[in-house]
Amino acid sequence: MEPIYITTPLFYVNAEPHLGSTYTMVITDTLARYYRAQGYETFYLTGTDEHGDKIAQVAAEANVPPKEFTDRVSAAFRSIWDDCGITYDYFIRTTDADHVRFVQEILSRVNESGDIYFGKYGGLYCFGCERFYTEKELRDGKCPDHLVKPTLIEEENYFFRMGKYQDRLREHIETHADFIRPEGYRNEVLGMLREPIGDLCISRPKSRLTWGIEIPFDDRYVTYVWFDALINYASALKQRGEEFFRKFWPEAQHFIGKDIVKPHGVFWPTMLMAAGLPLYKHLNVHGFWTVEGQKMSKSLGNTVAPLEIRARIGMDAFRYFLLRESVFGQDPDFREEALITRYNTDLANNLGNLVSRVLAMQQKYFNGVVQPLGSEWATEDKQLHDKFAQAENDLHGHMAELQFHRALETIWSALDHANRYIVQTAPFTMIKDPAQQSRVGEVLHHLLEVIRTLSRVLVPFLPDTARELRELLALPDGKETLNAPWGQGFQAGHKINAPKVLFPRIETEAKK
RNA sequence: CGCGGGGUGGAGCAGUCUGGUAGCUCGCAAGGCUCAUAACCUUGAGGUCCCGGGUUCAAAUCCCGGCCCCGCAACCA
């Protein structure tokens, strides 16, 4: 099995985690957990992007040195992801000494191979944005961001011969259909490549900005933030040694939001080509959440704080909503009503209640002791088993295509089947007839296998719930218990625990 | 202008890549069950899959044309 390498964008430390960044983390965490559970060797990276003028400014306003400022914010990010149960393997910071060294190494290498040149560049520059503008981009001659007139400056900088690699990149994308996915974003990048991409200015004079990585061959300059930040994906592996790098790098899968397609789809691969490194495997681009149909923005004040939702409904339920309610690549909508409905319907009524009724009967009828299965299974028993086997099988295909909503849909359709199975077999009626006691025991045994199966397949999506299910079944932690074939999950005389309400229903005002 | 996304029963959506009886949740109507978190199960009403052409034995799905809606200043995934 090939190794799996998953990355998130590095979060820029002048913002706070919100629904969008949480979504990225939940998707990648789900995938990382999924692959780990399948036995793949997995490396999952996140971190913070800490250089650049904006950060230097905010730090100055707070009257602390930039490094101290980023230490603080970076730690805050980290602790939020920890609180959300995100299982990243490594948290990189672009201020890490190892990273700085590697960026400089790449710069030197690219410089030596002749792909960096020193040149004069004149243009309209906005100091607020730290970038040049073309006439076309301006609004009434002003920077659309800061609403100030850009300054005409002419300065000398270092440039990366990005244009040189344009054709090679286009060819790569054309011959590798899943290099950038979903397809819409691949087309978008191909669109960018239809026009000349030009060269990339990769330095900033220290006279304007000092908070960055120094250009190794000219101490008057620091590195442009994107050139610095993108390299993190490689430097995080390098820090663990050459062998580690060689093993994971070619398997890299980047997950990003649609706003940063260009740096990842154009800058980064051409940089890799110039540095003589293999290209990443996939660039996976997701959409932007809207909130109640509106664009999410700080000025509208409709941002969603992850820890707040977590406090209200729990992280598992939050994860469920994000994964079930979105289609990867599209712009999903975060609606309060949908959040509650999903919670009550799928989690409380279908999953929670199923577990509850099964464990209650097991307790009531057999004092919690699992009853033996007969050698022959009834037709409905086989169907129940087959339904789950099929679901688990289909799930793999959906995960490979990042179709999280379908993966969950598939599991829930099997879960519905289990609820139906209870009504069809009606153990609560049979139990009244002493002659049918053993059949009731079998039916409940199959239903416990359902719960055990759920505790396995839900691991990536609802990790806490999966663990709780296993604990309710009084099974030890470990793959052997989870992966045992259907019918062989419980030892003779095994006793399970009493039911527990996993997802208390949320009563809305209207229903009270 | 251009680029991207979307138009599917009352609401919100999936399905479109890989054509083959139109699916999910909510809501509505009727019924069943009583193990369970007033949960669960069954049945029903409700759809010109935006419009018009084309390809095909067969189109929500592929091709062509058109209409309408949303996004493309920033924060930001």
Side-chain angles (χ1 to χ4, degrees), chain A residues 8-12 14-28 54 128-129 137-139 142-147 177-178 181-185 187-188 191-192 194 255-261 285-290 293-300 303 322 324-327 329-333 335 337-338 340-342 344-365 401 403 405-406 409 412-413 416 418-431 440 443-444 447 499-507 511:
Chain A
T8 75
L10 293 199
F11 300 100
Y12 203 54
N14 67 347
E16 276 174 23
H18 51 51
L19 182 64
S21 28
T22 310
Y23 175 60
T24 313
M25 294 310 273
V26 166
I27 285 177
T28 46
K54 277 179 207 165
C129 304
E137 290 172 309
L138 297 175
R139 267 191 175 182
K142 290 175 181 173
C143 157
D145 179 0
H146 298 82
L147 301 175
D178 59 357
R181 56 187 182 178
E183 201 183 355
Y185 296 105
N187 292 336
E188 206 163 287
M192 292 173 194
R194 276 197 289 270
F255 285 80
I256 61 165
K258 64 179 183 179
D259 56 330
I260 49 177
V261 166
V285 186
H286 69 245
F288 273 16
W289 283 82
T290 52
Q294 280 196 306
K295 209 173 157 181
M296 191 178 72
S297 77
K298 282 176 188 167
S299 40
L300 281 174
T303 53
L322 293 177
R324 179 66 185 80
E325 202 71 9
S326 63
V327 178
Q330 298 197 12
D331 290 350
D333 192 27
R335 286 180 308 123
E337 199 194 327
I340 305 299
T341 302
R342 280 286 173 208
N344 280 340
T345 307
D346 296 357
L347 297 177
N349 296 352
N350 295 342
L351 172 61
N353 184 53
L354 171 72
V355 172
S356 191
R357 63 201 301 211
V358 171
L359 297 196
M361 286 190 275
Q362 188 65 45
Q363 210 57 232
K364 203 179 278 186
Y365 305 155
E401 292 185 356
Q403 299 288 306
H405 68 295
R406 286 211 221 177
E409 204 174 40
W412 255 255
S413 103
D416 287 343
N419 269 320
R420 228 171 288 140
Y421 173 83
I422 296 179
V423 174
Q424 279 166 7
T425 55
F428 39 82
T429 305
M430 278 196 287
I431 196 68
V440 173
V443 165
L444 289 178
L447 286 165
K500 177 182 168 189
V501 174
L502 294 171
F503 299 98
R505 278 181 63 84
I506 297 172
E507 299 302 332
K511 285 193 173 176

Between [N] and [M], how far apart are the two [atom1] atoms, rounded to whole Å?
N: G5(B); M: G44(B); atom1: P; answer: 38 Å
N: C62(B); M: A14(B); atom1: P; answer: 16 Å
N: G46(B); M: A11(B); atom1: C1'; answer: 13 Å
N: G53(B); M: C70(B); atom1: C1'; answer: 27 Å
N: U18(B); M: A59(B); atom1: C1'; answer: 14 Å
N: C17(B); M: C35(B); atom1: P; answer: 48 Å
N: U16(B); M: G7(B); atom1: P; answer: 12 Å
N: C76(B); M: G71(B); atom1: C1'; answer: 15 Å

Among the nucleotides [options], which one has an atom lying closest to any side-chain atom of [X]?
X: V423(A); options: U34(B), A77(B), C41(B); value: C41(B)
X: P9(A); options: A77(B), C35(B), G15(B); value: A77(B)
X: N353(A); options: U16(B), C40(B), C33(B); value: C40(B)
X: R335(A); options: C40(B), G12(B), G15(B); value: G12(B)
X: D259(A); options: A77(B), C17(B), A36(B); value: A77(B)
X: V327(A); options: A14(B), A77(B), U37(B); value: A14(B)

How is [X] classified with respect to the nucleic acid when contacts are heavy atoms under 4.0 Å: base, sugar-phosphate, or nothing?
X: A360(A); result: sugar-phosphate
X: L359(A); result: nothing
X: W289(A); result: base
X: G20(A); result: base
X: Y185(A); result: nothing
X: N419(A); result: sugar-phosphate
X: G293(A); result: nothing
X: G191(A); result: nothing
X: F503(A); result: base

What residues, two or more places apart in sequence or in another chain, satisfy side chain to side chain contact (heavy atoms under 4.5 Å, CB included) together with F288(A)?
-> K258(A), D259(A), D331(A)
Using the test side chain to side chain contact (heavy atoms under 4.5 Å, CB included), find all partners of Q403(A) that sit at least two apart in sequence or belong to another chain.
-> H398(A), E401(A), H405(A), R406(A)
Polar-atom pairs under 3.5 Å, protein N or O versus N or O of nucleotides 42-47 of chain B: list them with distances, or write none.
from	atom 1	to	atom 2	distance (Å)
U42(B)	OP1	R420(A)	NE	3.1

Any side-chain heavy-atom pair of [X] and [Y] under 4.5 Å:
X: R357(A); Y: N419(A); answer: yes
X: W412(A); Y: R324(A); answer: no
X: T8(A); Y: M25(A); answer: yes
X: F428(A); Y: V440(A); answer: no
X: V443(A); Y: M430(A); answer: yes
X: D416(A); Y: N350(A); answer: yes
X: I422(A); Y: L354(A); answer: yes

Let me know, please, whether I422(A) or H405(A) comes out on the 5' side of the other along RNA chain B by nearest nucleotide.
-> H405(A)
Considering heavy-atom distances to RNA chain B, does D333(A) or T429(A) have its closest nucleotide positioned more toward the 5' end?
-> D333(A)
To the nearest Å, give me how far apart [atom1] ([X]) and [atom2] ([N]) are.
X: E188(A); N: G2(B); atom1: CD; atom2: P; result: 16 Å
X: N187(A); N: G5(B); atom1: CG; atom2: C1'; result: 13 Å
X: M192(A); N: G4(B); atom1: CE; atom2: P; result: 11 Å
X: R406(A); N: C17(B); atom1: CZ; atom2: P; result: 10 Å
X: R194(A); N: G2(B); atom1: CZ; atom2: P; result: 14 Å
X: L447(A); N: A36(B); atom1: CG; atom2: P; result: 14 Å
X: H286(A); N: C76(B); atom1: NE2; atom2: P; result: 14 Å
X: E183(A); N: C62(B); atom1: CD; atom2: P; result: 11 Å

Measure from the side-chain N and O atoms of T290(A) to the backbone N and O of P332(A), and report whether any donor-acceptor pair falls under 3.5 Å.
-> yes
Has the side chain of Y23(A) got a donor or acceptor atom that lies under 3.5 Å from a matching backbone atom of H18(A)?
-> no
Side chain of N349(A), base of A39(B): donor and acceptor closer than 3.5 Å?
-> no
What protein N or O atoms touch nucleotides 6-9 of chain B N or O atoms at under 3.5 angstrom, if any, and at what distances?
from	atom 1	to	atom 2	distance (Å)
G6(B)	OP1	Q330(A)	NE2	3.4

Not counting sequence neighbours, which residues clear salt bridge (Lys or Arg N to Asp or Glu O under 4.0 Å) with E325(A)? List them please.
-> R342(A)
Quick one: OG1 on T345(A) to CG on N353(A), what's the gap to the nearest 0.5 Å?
-> 12.0 Å
Gap between atom CG of L322(A) and atom OG1 of T24(A) - 0.5 Å precision = 10.0 Å
Using purine N1 to pyrimidine N3 plus N6-O4 or O6-N4 for Watson-Crick, or N1-O2 and O6-N3 for G-U wobble, both under 3.5 Å, which nucleotide pairs with G4(B)?
-> C70(B)
May I ask which nucleotide in the shown strands pairs with G10(B), Watson-Crick or G-U wobble, both distances under 3.5 Å?
-> C26(B)
Distance check: side-chain N/O of [X] vs OP1/OP2 of [N], anything under 4.0 Å?
X: R505(A); N: A38(B); value: no
X: K258(A); N: G71(B); value: no
X: K500(A); N: U37(B); value: no

Less than 4.0 Å between a side-chain N and a carboxylate O, is that true for R505(A) and E507(A)?
-> yes
Please confirm whether H286(A) and F255(A) have ring centers closer than 6.0 angstrom.
-> no
Which atoms of nucleotides 21-25 of chain B (N or O only) lie under 3.5 Å from a protein N or O atom, and what are those distances?
none

Would you say whether F288(A) stacks on A77(B)? The test is a distance between ring centres of less than 5.5 Å and an angle between planes of less than 30°.
-> yes
